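One structure below.
Note that this is a predicted model, so its numbers are computed, not measured. Counting begins at 1 with the first residue of the sequence. Ligands are counted one by one from 1 in listed order, and the atoms in each one are counted from 1 as well.
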Amino acid sequence: MSQSAIAGRVAIVTGGIGGLGTEICRHLVQQHRHVIAIDLASREERITTFQNDVAGFKGTITFEATDVSDFDQCKALTARIEQQYGRIDILVNAAGITRDATLRKMTPQQWHELIQVNLDSVFNMCRNVVEGMTARGFGRIVNISSVNGQTGQFGQTNYSAAKAGVHGFSMALARETARKGVTVNTVSPGYCDTAMVAALSNEIREGIIADIPVGRLGSPADIARAVGFLTADDAGYITGINLPVNGGYFMSF
Ligand code: CAA
């Protein structure tokens with residue numbers, strides 16, 4: 001497909017078939033983006049569910065299997081998409097895992113796996129799209145961090161470090177691209193109604209909900225809305241920010 005055949009922005013969403021990612025894809029499709037959802041090939045069951053879900057979306061959405069913790073796979077993926085669509089306008093880095101354990105029990109593997117998926121992936125993807133975006137004079141990058149990158153969380157030294165790192169990375173890249181039409185922002189979800197939070201014990205989850213002033217978990221749509229806002233064509237004066245979407249959680253402190 002040649003560049004001239006594509007009208008509308010081309011968006012990549014990593015972690016695109018996950019709880020937040022699927023909803024981000026839906027929102028971007030509703031905004032007439034051509035969306036490419038990226039995730040691991042090994043999540044076969046989830047891929048099938050995603051493909052059934054998106055069959056109902058009005059717009060263009062495709063799935064590409066890539067391990068975003070691997071630089072060379074990201075390089076090959078972005079080259080393939082640029083070749084096929086002519087460009088990449090929007091990148092949303094939503095791929096993320098947890099490997100919760102108190103530090104005294106955390107293994108080097110739990111540390112490294114988490115950093116590779118949650119932080120290295122942001123480098124791997126941004127590094128491979130940024131030149132094209134700056135050359136074309138337009139780009140919108142949104143990196144999904146977490147409230148726990150801002151507050152720290154018991155049992156999450158790895159996750160909190162990676163998520164705080166994501167915002168530091170975003171601010172630095174925002175400075176590098178600010179005069180070139182490319183914005184880089186962070187969205188920090190609070191606790192959302194996803195499999196990641198469902199995996200917590202009832203007791204821990206109920207304790208967390210009790211601390212959320214809005215009185216409920218966030219919905220993936222709450223997060224997708226923030227991503228849609230920051231990736232709009234006319235959002236060019238908003239860069240380097242962290243947008244917390246957490247039901248007023250900070251007011252609990
Ligand atoms: N604050 C203070 N102390 C706590 C605590 C807390 N939140 N939770 C447990 N403790 C205490 C226990 O009472 C216990 O004390 P004693 O040793 O005096 O008995 C001690 O810490 C237990 O320590 P362990 O190292 O043995 O912990 P564990 O192995 O039993 O459990 C854990 C550790 C698996 C991390 C568990 O605490 C846990 O699941 N915590 C929740 C982590 C969490 O919130 N993850 C968020 C996932 S969702 C997400 O990340 C999405 C997002 O972006 C928001």
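- Ion pairing between a basic and an acidic side chain is recognised when a charged N comes within 4.0 Å of a carboxylate O; Asp222 and Arg216 show such pairing.
- The hydrophobic clustering, which links ILVMFWY residues whose side-chain heavy atoms are closer than 4.5 Å, places Val122 and Trp111 together.
- The Arg104 neighbourhood of ligand 1 comprises atoms 23 (O), 24 (P), 25 (O), 26 (O), with distances under 4.0 Å to a heavy atom of that residue.
- Side-chain contact check for Ser188 and Asn242: at least one donor-acceptor pair (N or O, by modelled atom type) lies under 3.5 Å.
- Under the 4.0 Å criterion applied to side-chain N and carboxylate O atoms, Glu82 and Arg136 are assigned as salt-bridge partners.
- Leu77 has its side chain within reach of Glu64: a pair of non-hydrogen atoms, C-beta onward, lies under 4.5 Å apart.
- The presence of a protein heavy atom under 4.0 Å from atom 53 (O) of ligand 1 is confirmed.
- Between Asn148 and Tyr191, the side chains place a donor N or O and an acceptor N or O closer than 3.5 Å (distance only, hydrogens not considered).
- Using modelled atom types and a 3.5 Å distance limit, the side chains of Asn143 and Ser170 yield a donor-acceptor pair.
- Residues Leu114 and Ala162 come closest through the heavy atom pair CD2-CB, 3.7 Å.
- Ligand-side atoms of ligand 1 in range of Ile204: 38 (C), 39 (O), 40 (N), 41 (C), range being under 4.0 angstrom from any heavy atom.
- One option in Lys163, Gln153, Arg205, Gln156 has a heavy atom closer to atom 46 (C) of ligand 1 than any other, and that option is Gln156.
- In the hydrophobic cluster analysis, where Ile, Leu, Val, Met, Phe, Trp and Tyr join through side-chain heavy atoms closer than 4.5 angstrom, Met171 is grouped apart from Leu119.
- Salt-bridge annotation for Glu131 and Arg127: present, with a side-chain N of the basic residue lying under 4.0 Å from a carboxylate O of the acidic one.
- When distances from atom 14 (C) of ligand 1 to the protein are checked, no heavy atom turns up under 4.0 Å.
- Within a 4.0 Å radius of atom 31 (O) of ligand 1, the protein contributes no heavy atom.
- Within a 4.0 Å radius of atom 18 (O) of ligand 1, the protein contributes no non-hydrogen atoms.
- The protein atom (non-hydrogen) at minimum distance from atom 28 (P) of ligand 1 is Lys105 NZ, 3.9 Å.
- Side-chain heavy atoms closer than 4.5 Å link hydrophobic residues (I, L, V, M, F, W, Y) into clusters, and following such links, even through other members, never connects Phe138 to Val92.
- From the protein, the heavy atom lying nearest to atom 22 (C) of ligand 1 is Phe154 CZ, 4.4 Å.
- Each of the atoms 52 (C), 53 (O), 54 (C) of ligand 1 lies under 4.0 Å from some heavy atom of Ser146.
- If you number the atoms of ligand 1 from 1 as listed, the ones under 4.0 Å from a heavy atom of Met196 come out as 49 (C), 51 (C).
- Residues Asp67 and Gln73 have side chains that never bring a donor and an acceptor to within less than 3.5 angstrom of each other.
- Across Ile97, Val197, Ile208, Asp100, heavy-atom proximity to atom 43 (C) of ligand 1 is greatest for Asp100.
- Residue Thr98 approaches ligand 1 through these ligand atoms, each under 4.0 Å from one of its heavy atoms: 50 (O).
- In summary, the atoms of ligand 1 found under 4.0 Å from a heavy atom of Asn148, numbered by their order in the structure, are 50 (O), 54 (C).
- If you check which protein heavy atom lies closest to atom 25 (O) of ligand 1, you get Thr102 OG1, 2.4 Å.
- By the definition of a contact as any protein heavy atom under 4.0 Å away, atom 50 (O) of ligand 1 is in contact.
- For atom 44 (O) of ligand 1, the nearest protein heavy atom (residue, atom name, distance) is Tyr191 OH, 3.2 Å.
- The protein reaches atom 8 (N) of ligand 1 closely, with a heavy atom under 4.0 angstrom from it.
- Inside a 4.0 Å radius of atom 2 (C) of ligand 1 there is at least one protein heavy atom.
- From the protein, the heavy atom lying nearest to atom 35 (C) of ligand 1 is Gly155 CA, 3.5 Å.
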